[in-house]
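What follows is a short report on a single structure.
Scope of the values below: all heavy atoms of this structure, side chains included, with no hydrogens, waters or symmetry mates. Along the sequence shown, the residues carry numbers beginning at 1. It should be emphasised that the depicted structure is a prediction, and the values quoted were computed from it without experimental measurement.
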Amino acid sequence: MNQQPHILVVDDDPEIRQLLHEYLERNGFRATAVADGRGLWRTLESTMVDLIVLDLMLPGEDGLLLCRNLRARKEGPVDHSRTPVIMLTARGDETDRIVGLEMGADDYLAKPFNPRELLARIKAVLRRVHELPPTEETNEIRLLKFAGWTLDLIARHLLSPAGVIVSLSGSEFCLLRILLSRPNRIFSRDQLLELCQRREAGPFDRSIDVQISRLRRHLGDDARDPAIIKTIRGEGYVLSAEVSECR
């Protein structure tokens, strides 16, 4: 069995596809490179993929639409809705980055980029997917219950008070897991970004704010007056609920 993580690159630029395909395979990954959404869906129907590098500007379905559809896609033998996505944007436009995160991307990188930085982002996202934030008893705890909700650490999804399963992206799961690990403790944006994405925040980095906004929507938490994930002005975010652990 091939144990190399399988990376799917979706980009309509043949030079970028070839560059990333060769670079990833030289660095210990198995890589597939396709030009558009049709190639993405064909690949997902025929093989397992560990992470998708997805260009924003694509012919036909663009990267934003593909990411949104991927997050909603649960049919078939494999649930691809939680496959991590790193979005490539043609420019460092903050709006592009925010919309990409809103659609469910786990991270983003602006073109032109250094392949070494993309490689570092890929490794960080894969670590986040396969590793839970450290606690003394992580291996024994399966469920975290809070405010009527349940986070399943094995299935990596939320269960609503009504018993409805809510899928989470890798970034959303990681962020919520960290907040639940220390209820009533304030985490700064920089701390959350470092813990979730293993990188420092840029001066205009709003990725954590966008992920918090998505989590609040999942939880039905009023953004104007949140009861579960509260904003502490000038400091960061805090999980304001009692948390119980189940094994």
Does a side-chain N-to-carboxylate-O contact under 4.0 Å join Lys111 and Asp11?
yes

Residues, nucleotides or ligands: over 12 heavy atoms within 6.0 Å of Glu22 CD
yes

Side-chain touch Lys145/Val243, heavy atoms, less than 4.5 angstrom
no

Separation between CG of Leu144 and CZ of Arg177, rounded to the nearest 0.5 Å
5.0 Å

Roughly how far, to the nearest 0.5 Å, is the CE atom of Met87 from the OG1 atom of Thr89?
9.0 Å

Looking only at heavy atoms, what is the nearest atom pair of Ile208 and Arg189, with distance?
CG1-O, 3.9 Å

Quick one: are Leu153 and Leu143 in side-chain contact, heavy atoms under 4.5 Å?
no

Side-chain touch Pro14/Gln18, heavy atoms, less than 4.5 angstrom
no

I need the minimum non-hydrogen distance between Arg17 and Val34, along with the two atoms involved.
CD-O, 3.2 Å

Can any side-chain N or O of Asp221 pair as donor or acceptor with the backbone N or O of Ala227 at less than 3.5 Å?
yes

Mind checking the CD-CG spacing from Glu245 to Leu180? Nearest 0.5 Å is all I need.
10.0 Å

Report the C-alpha distance between Arg121 and Asp106 in whole Å, list the side-chain angles of each, state the deciding distance to 0.1 Å, and finish with yes or no for salt bridge (Lys or Arg N to Asp or Glu O under 4.0 Å).
CA-CA 10 Å; Arg121 299 285 184 96; Asp106 293 86; over 6 Å; no

Roughly how far, to the nearest 0.5 Å, is CG of Leu40 from CG of Leu70?
6.5 Å

Using a 4.5 Å cut-off on heavy atoms from C-beta on, say whether the side chain of Leu24 contacts that of Arg30.
no

To the nearest 0.5 Å, tell me how far His218 NE2 sits from Leu168 CG.
5.5 Å

Within the 4.5 Å heavy-atom criterion, are Leu19 and Pro115 side-chain neighbours or not?
yes

Would you call Asp222 and Arg216 a salt bridge, taking side-chain N to carboxylate O under 4.0 Å as the test?
no

Distance in Å, Arg214 CZ paired with Leu219 CG, rounded so as to fall on 0.5 Å steps
12.0 Å

